[in-house]
K.L.:
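Sharing a structure here in structure tokens format.
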Amino acid sequence: MNSYGSFPGARPRRLRTTPALRRMVAETRLHPADLILPAFVREGITEPVPIQAMPGVVQHTRDTLRKAAAEALEAGVSGIMLFGVPEDEKKDGAGTAGTDPDGILQVAIRDVKAEVGDELVIMSDLCLDEYTDHGHCGVLDADGRVDNDATLERYAEMAQVQADAGVHVVGPSGMMDGQVGVVRDALDTIGKEDVSILAYTAKYSSAFYGPFREAVGSSLRGDRKTYQQDPANLRESMRELALDLEEGADMVMVKPAGPYLDVLAKVAESVDVPVAAYQISGEYAMVEAAAEKGWIDRDKAIFETLTGIRRAGAQMILTYWATEVAQKLSASRG
């Protein structure tokens with residue numbers, strides 16, 4: 001007791017005194033089912049190819065992708081988001097490999113579906129950037145600008161071939177105006193009403209995408225600032241959110257996650273549909289690089305970043321640590 005009698009009467013520290021007590025009163029909990037694993041599958045390779053800027057992440061072969069999907073399922077991860085990496089000679093201005101029924105992403109969807117069936121949610125990136133020789137997320141007009149409406153026609157085709165391959169969820173990520181509505185119509189037209197749409201509602205033009213460009217073998221020339229969102233804007237995201245919901249989005253996402261937790265929280269407070277966030281390649285790479293230098297505790301940093309994303313309102317988190325974290329969460333629960 002101090003000279004002021006019993007002051008302070010309220011002592012929040014009482015609830016922090018032991019690990020068991022802190023665990024009991026925790027307001028936010030991570031669960032394996034919160035996690036989705038992004039995975040890259042590359043055409044024409046016989047062994048996985050390490051991604052230099054993302055230690056521990058690889059471009060999968062078809063066989064190793066199947067194994068990664070099975071491992072994620074066993075760990076309790078809810079879903080896997082697939083990205084196809086075609087051979088360079090198959091890239092062209094229209095990204096035709098992206099709508100080829102036998103293109104690498106469609107083949108990968110069928111492979112994973114054969115491996116895990118409906119037990120793991122199979123999701124697919126619906127965008128042209130991996131398949132175009134210029135690296136943009138859409139087709140270009142005569143002046144070299146991304147043509148929004150012509151690109152939507154390509155997205156409709158992509159949605160249909162991905163759905164035919166057996167995907168459960170498509171993720172239109174190109175930030176074209178009207179993309180959700182066009183994709184919904186395209187799916188419904190071929191009787192794929194049950195395929196869900198995860199809208200990349202707020203996808204910002206970010207410096208943290210760098211390692212991803214290596215992961216998908218990007219051919220990008222220039223930047224994507226004319227269609228991805230300006231990092232300075234929040235109200236714009238809420239407008240995008242309203243449009244996506246009006247067009248039929250089943251779920252919505254904020255990308256990147258860490259630098260945009262305020263956007264994520266605002267979106268989560270405003271909707272009654274599931275909300276996702278994507279912890280992107282640069283976020284992953286920073287933690288791995290700092291940990292490799294011995295500057296931070298790797299595991300603690302991983303769990304802290306994911307807890308922060310979950311606390312901000314994400315019900316689902318796309319993270320390259322998904323399987324590893326799910327395994328550790330399961331082990332900690334006995």
Side-chain angles (χ1 to χ4, degrees), residues 36 38 41 79-84 86 90-113 118 121-132 134 136-141 145-203 216 224 227-228 239-253 255 271 273-274 276 278 316 318:
I36 297 166
V41 57
I80 186 168
M81 173 66 80
L82 302 178
F83 295 86
K90 293 185 179 178
K91 295 182 180 182
D92 59 26
T96 52
T99 51
D100 180 352
D102 294 319
I104 183 58
L105 181 54
Q106 285 68 253
V107 169
I109 292 168
R110 291 195 289 270
D111 286 342
V112 174
K113 190 67 175 284
D118 294 332
V121 179
I122 303 169
M123 315 170 88
S124 56
D125 179 58
L126 200 165
C127 196
L128 289 173
D129 60 315
E130 296 99 322
Y131 310 101
T132 54
H134 47 72
H136 279 285
C137 297
V139 295
L140 305 183
D141 63 18
R145 298 171 299 191
V146 174
D147 186 324
N148 190 96
D149 294 1
T151 298
L152 293 181
E153 295 180 16
R154 301 288 295 123
Y155 286 3
E157 295 178 57
M158 291 189 80
Q160 291 176 338
V161 295
Q162 291 176 5
D164 284 338
V167 79
H168 299 111
V169 179
V170 294
S173 62
M175 291 300 288
M176 296 297 118
D177 294 337
Q179 63 185 13
V180 172
V182 165
V183 167
R184 182 73 272 157
D185 287 346
L187 293 169
D188 293 352
T189 296
I190 62 168
K192 297 293 184 179
E193 297 90 349
D194 289 341
V195 174
S196 301
I197 298 176
L198 170 60
Y200 281 60
T201 291
K203 183 179 180 182
V216 297
R224 299 182 174 130
Y227 45 102
Q228 293 179 350
R239 185 182 185 198
E240 293 277 6
L241 175 63
L243 291 168
D244 283 351
L245 293 174
E246 182 180 343
E247 292 172 24
D250 299 290
M251 300 171 278
V252 297
M253 183 158 68
K255 181 181 181 182
V271 300
V273 299
Y278 197 145
M316 304 167 291
L318 285 80

K.L.:
How close do Gln106 and Pro101 get, heavy atom to heavy atom, and via which atoms?
P.N.:
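Heavy atoms of Gln106 and Pro101 come nearest at CB-O, 3.3 Å.
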K.L.:
Taking all non-hydrogen atoms of both residues into account, name the closest pair between Gln179 and Tyr200 and its distance.
P.N.:
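Reported closest heavy-atom pair: NE2-O, 4.3 Å.
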K.L.:
Among residues at least two apart in sequence or on other chains, which ones pass side-chain hydrogen bond (donor to acceptor under 3.5 Å, both in side chains) with Asp111?
P.N.:
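Per chain and number, Asp111 pairs via side-chain hydrogen bond (donor to acceptor under 3.5 Å, both in side chains) with Arg62.
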K.L.:
Closest heavy-atom contact between Ala156 and Val182?
P.N.:
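The pair with the smallest heavy-atom distance is CB-CG1, 3.9 Å.
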K.L.:
Under the rule for side-chain hydrogen bond (donor to acceptor under 3.5 Å, both in side chains), what residues qualify as partners of Thr96, not counting sequence neighbours?
P.N.:
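Scan of Thr96 (side-chain hydrogen bond (donor to acceptor under 3.5 Å, both in side chains), adjacent residues dropped) gives Asp92.
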K.L.:
Distance from Met253 atom CE to Leu198 atom CG, nearest 0.5 Å?
P.N.:
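It is 4.5 Å, given to the nearest 0.5 Å.
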K.L.:
Please table the atom pairs, donor to acceptor, closer than 3.5 Å between any side-chain atom in residues 162-174 and protein atoms at least two apart or in another chain.
P.N.:
residue, atom, partner, partner atom, Å
Gln162, OE1, Ser124, OG, 2.7
Gln162, NE2, Asp125, O, 3.2
His168, ND1, Ile122, N, 2.9
His168, NE2, Asp118, OD1, 2.8
Ser173, OG, Asp125, OD1, 2.7

K.L.:
For a 4.5 angstrom cut-off between non-hydrogen side-chain atoms, does Val41 reach Leu82?
P.N.:
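Contact flag for Val41/Leu82 side chains = no.
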K.L.:
Go through Tyr131 and Leu105 one step at a time and tell me if the side-chain contact (heavy atoms from CB on, under 4.5 Å) criterion holds.
P.N.:
CA-CA 10 Å; Tyr131 310 101; Leu105 181 54; 3.3 Å; yes
K.L.:
Assess whether side-chain contact (heavy atoms from CB on, under 4.5 Å) is satisfied between Lys203 and Glu240, documenting all intermediate values.
P.N.:
CA-CA 10 Å; Lys203 183 179 180 182; Glu240 293 277 6; over 6 Å; no
K.L.:
Identify, with sequence neighbours excluded, every residue that meets side-chain contact (heavy atoms from CB on, under 4.5 Å) alongside Arg145.
P.N.:
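Here the qualifying residues are Asp141, Asp143.
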K.L.:
Report all side-chain donor-acceptor pairs from residues 185-194 shorter than 3.5 Å, counting only partners two or more places apart or in another chain.
P.N.:
residue, atom, partner, partner atom, Å
Asp188, OD1, Arg184, NE, 3.1
Asp188, OD1, Arg184, NH2, 3.1
Thr189, OG1, Asp185, O, 2.7

K.L.:
For a side chain to side chain contact (heavy atoms under 4.5 Å, CB included) with Asp244, tell me which candidate from Ile197, Thr201, Val273 qualifies.
P.N.:
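So the option named by the test is Thr201.
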K.L.:
Quick one: pull up CE in Met175 and SG in Cys137 and give me the separation to the nearest 0.5 Å.
P.N.:
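Reported to 0.5 Å precision, the distance equals 10.5 Å.
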K.L.:
Write down the atom of Glu247, the atom of Val180, and the distance for their closest heavy-atom approach.
P.N.:
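Shortest heavy-atom separation between Glu247 and Val180 comes out as OE1-N, 3.3 Å.
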K.L.:
side-chain contact (heavy atoms from CB on, under 4.5 Å), that's the test. Do Met123 and Leu318 meet it? Break it down for me.
P.N.:
CA-CA 11 Å; Met123 315 170 88; Leu318 285 80; 5.7 Å; no
K.L.:
Would you name the heavy atoms of Pro38 and Phe83 that are closest together and state the gap between them?
P.N.:
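Minimum heavy-atom contact is CB-CE1, 4.0 Å.
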K.L.:
So, for Asp250 and Pro274, which heavy atoms are closest and what is the spacing to 0.1 Å?
P.N.:
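Between these two residues, the closest heavy atoms are O-CD, 3.5 Å.
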K.L.:
Can you name the residues that form a side-chain contact (heavy atoms from CB on, under 4.5 Å) with Val139, not counting sequence neighbours?
P.N.:
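Result, side-chain contact (heavy atoms from CB on, under 4.5 Å) vs Val139: Ala94, Leu128, Asp147, Ala150, Thr151, Arg154.
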